[in-house]
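Take a look at the structure set out below.
These figures come from a predicted structure and were not determined experimentally. All chains are named by letter (A, B, ...) in the order of the sequence lines, taking the proteins before the strands, and each is independently numbered beginning at 1.
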2 protein chains.
Amino acid sequence: MKEPSSKLEFDGKRINISSDQAKSVITEIFQNIGCDENTATIVAEHLVDTSLCGMESHGVMRTLQYAEQMQTGYLNPRAQPWLDISDSRNEFVDGDGGIGIPAMQMAYERGMIRSEESGISSISVLNTGHTGRLGAFAEAAAEKGFLTLCFGGGNHKNWKQVAPHGGSRAILPTNPWCIGMPGGELGPVVVDFATSKIAGGWIYAARSAGARLPDDCLIDRDGNPTNDPEDYFNGGAILPAGGHKGYSLALIGELVAEALLGPTRTECNWLVITFDTTNLRSCSQVEKAAEEVLEELRNCPPAPGFERVEIPGERERSHKQISNGWVAVPERTWQQICDLHENVTETHHPLV
Amino acid sequence: MKEPSSKLEFDGKRINISSDQAKSVITEIFQNIGCDENTATIVAEHLVDTSLCGMESHGVMRTLQYAEQMQTGYLNPRAQPWLDISDSRNEFVDGDGGIGIPAMQMAYERGMIRSEESGISSISVLNTGHTGRLGAFAEAAAEKGFLTLCFGGGNHKNWKQVAPHGGSRAILPTNPWCIGMPGGELGPVVVDFATSKIAGGWIYAARSAGARLPDDCLIDRDGNPTNDPEDYFNGGAILPAGGHKGYSLALIGELVAEALLGPTRTECNWLVITFDTTNLRSCSQVEKAAEEVLEELRNCPPAPGFERVEIPGERERSHKQISNGWVAVPERTWQQICDLHENVTETHHPLV
């Protein structure tokens, strides 16, 4: 059974926008909504980079969601994430109720510094909105020789999306796990997945397109299998990935976020664990040994229905290379972003 | 779709053995093969406890496998695992080529001490044979307030069992992940799973019983789905759990074991990460907040085909309570253990 593609499929046209133009427009949007220049730039660069990597669901289209969340007061546009290092055993980043991308970047950066000193570190990340593509932080850290694990979630009272294994009601969020590990000649191995069979965005996309979802992804309100996205909105649920295994990982994330770091105030809480691999072996030693394993996997004959065996993280890097600095945005999405840009620019400069 | 039960199903009779008797027989077996009293006792207690928890695949039946591995020289019966703390950023337990249970216990114990000091710790475990039921170590640590993660594996050149997602050949081992987290009123949440759809032992059990395996667990040598265990032995493979997700977790384990800690000398290498939750919140605070999440899950109406939603770790504790100190061992297995006991006792005391 082939997994659903991670790309949003739709019938409309796409428009090619240079990454510089996209960054400039998105930065201005966030600045005009109230973000300072640093935050606006970090978020814009993250979203454009994610689109260049082909992760459209977490890319420039999120501008619209984040902007709305700031405009409605769900997120604090003026948030200034800050790092608390007063207790060396319990360092944390407080996201100040804002978008989580700058907070997560701060946590990974601090995690690397601390693990260089002590081998391994943990930084909690509290009080943030959406944290973007976690794999981007994991990849950047792995390129410098750090193994990272990031998990968490929380706030299941507001985000009931996924049924526990064996259950017929949505109780948990899609709580992702992200792991980055220095890899072979082609770069880090980046694992970044929702613990549910499919991400929530898929259901909205299928509903909007009038499409049905693949088998074994959804149950209806009675716990029976269904392919109809409407059943989800009528009390159904997404199934956990790998049955009890995905359920267990989601539950650990929820307990970490709520029982250990919680209660969640904004959207999610996270734990970022960073391990400095260079304390054990040099980067070139790790690369050489990793390449042996990875090469064998790349050379594995594909199963029927597959083109090849992929190494997690390579698809995104390859997409970025091919993109060559141009983002292919659905025309309608780009128009909405431009409308928003115009709208907030006018709001910001009412007398111009 | 219901997951296959973790219990070994067979047609023969079972015999009830008191845990004291089982421990005594198994301890004597390992002592007579060459283990010192401490190692023999730790291994026997671990195996009996695992059987009491209902994890038969990792319980007293493993006595036969471990003994054979020691008798053939695959494992060193006289192994004395030792802890190297000379580099505080890179502490490790060397298993000395023996069975991995005492080495893993040492690593978890050291990990707790170190994380009490610094919040989080990592201990590598090198050069060991089978490490028993990882969940037992995670549960003991979680009862004391520690969140632990253990992953690794390695040695895929000798343990080609699982196909990568999208591949048609077995390349990776079943590399498990184990996570323990302090839980609610009923105790810790213990996650301990193979990253493959089913554990390797299932295939041997099905072959021996002439049974077919559930759908979506196996592929044949051409990568096509099969239910026939013979296809596995003819060049087939187990599928990863959750498609690319289980594959990714297995790959991280393999890279940690081989590229970071390897090359593997005995069977596996591991990383044990320990986080002291009591640095953040008291055990009773964590318990209270965890119980809120867990209670909602326990109360979730079951999906068709399921009796209830389970909390990972509770089934084993409940089984242990019901066992009340008695292990129900398949009669034939117990007979084999007794035969082995007699055999090694004679060998050890040839003149008696």
| field | Contacting moiety of A/Leu172, where chain B heavy atoms sit under 4.5 Å | value | side chain
| field | Interchain contact, A/Ile252 with chain B, by part (heavy-atom threshold 4.5 Å) | value | side chain
Does some side-chain heavy atom of [Y] sit less than 4.5 Å from a side-chain heavy atom of [X]?
X: A/Lys245; Y: B/Leu249; value: no
X: B/Leu294; Y: A/Leu251; value: yes
X: B/Leu255; Y: A/Leu147; value: no
X: B/Phe275; Y: A/Val256; value: no

| said: Which one wins on heavy-atom pair count under 4.5 Å against chain B: A/Ser88, A/Pro182, A/Ala194? | reply: A/Ala194
| query | Do side-chain atoms of B/Arg89 reach the backbone of A/Glu116 as a donor and acceptor pair under 3.5 angstrom? | reply | yes
| said: For the backbone of B/Glu310 and the side chain of A/Tyr247, can you confirm whether one donor and one acceptor N or O come within less than 3.5 Å of each other? | reply: yes
| field | Residue-level interface, residues 276-285 of chain A with chain B, non-hydrogen cut-off under 4.5 Å | value | A/Thr277, A/Asn279, A/Leu280, A/Arg281
Among the listed options [options], the residue most often paired with chain A at heavy-atom distances under 4.5 Å:
options: B/Ile219, B/Asp222, B/Val293; result: B/Val293
options: B/Ala259, B/Ala289, B/Pro164, B/Gly119; result: B/Ala259
options: B/Gly166, B/Pro304, B/Ser124; result: B/Gly166
options: B/Val189, B/Leu261, B/Val286, B/Leu297; result: B/Leu297
options: B/Gly180, B/Gly246, B/Gly262; result: B/Gly262
options: B/Ala241, B/Ser118, B/Pro240; result: B/Ser118

| request: Write out all pairs satisfying side chain to side chain donor-acceptor pair (under 3.5 Å) with one or both partners inside residues 150-159 of chain A, taking only residues at least two apart or from two chains. | output: A/Asn155-A/Asn158, A/His156-A/Glu254, A/His156-B/Glu296, A/Lys157-B/Glu292
Counting only non-hydrogen atoms closer than 4.5 Å, does [X] touch chain A with its backbone (N, CA, C, O), its side chain (CB onward), both, or neither?
X: B/Leu260; value: both
X: B/Ser121; value: backbone
X: B/Leu149; value: side chain

| Distance-minimising heavy-atom pair for A/Val309 and B/Gly167 | CG2-CA, 3.4 Å
| task | Inspect the surroundings of CD in A/Glu117 and state if more than 12 heavy atoms from other residues, nucleotides or ligands are less than 6.0 Å away. | result | yes
| query | What distance separates A/Phe151 CZ from B/Ile179 CD1, expressed to the nearest 0.5 Å? | reply | 7.0 Å
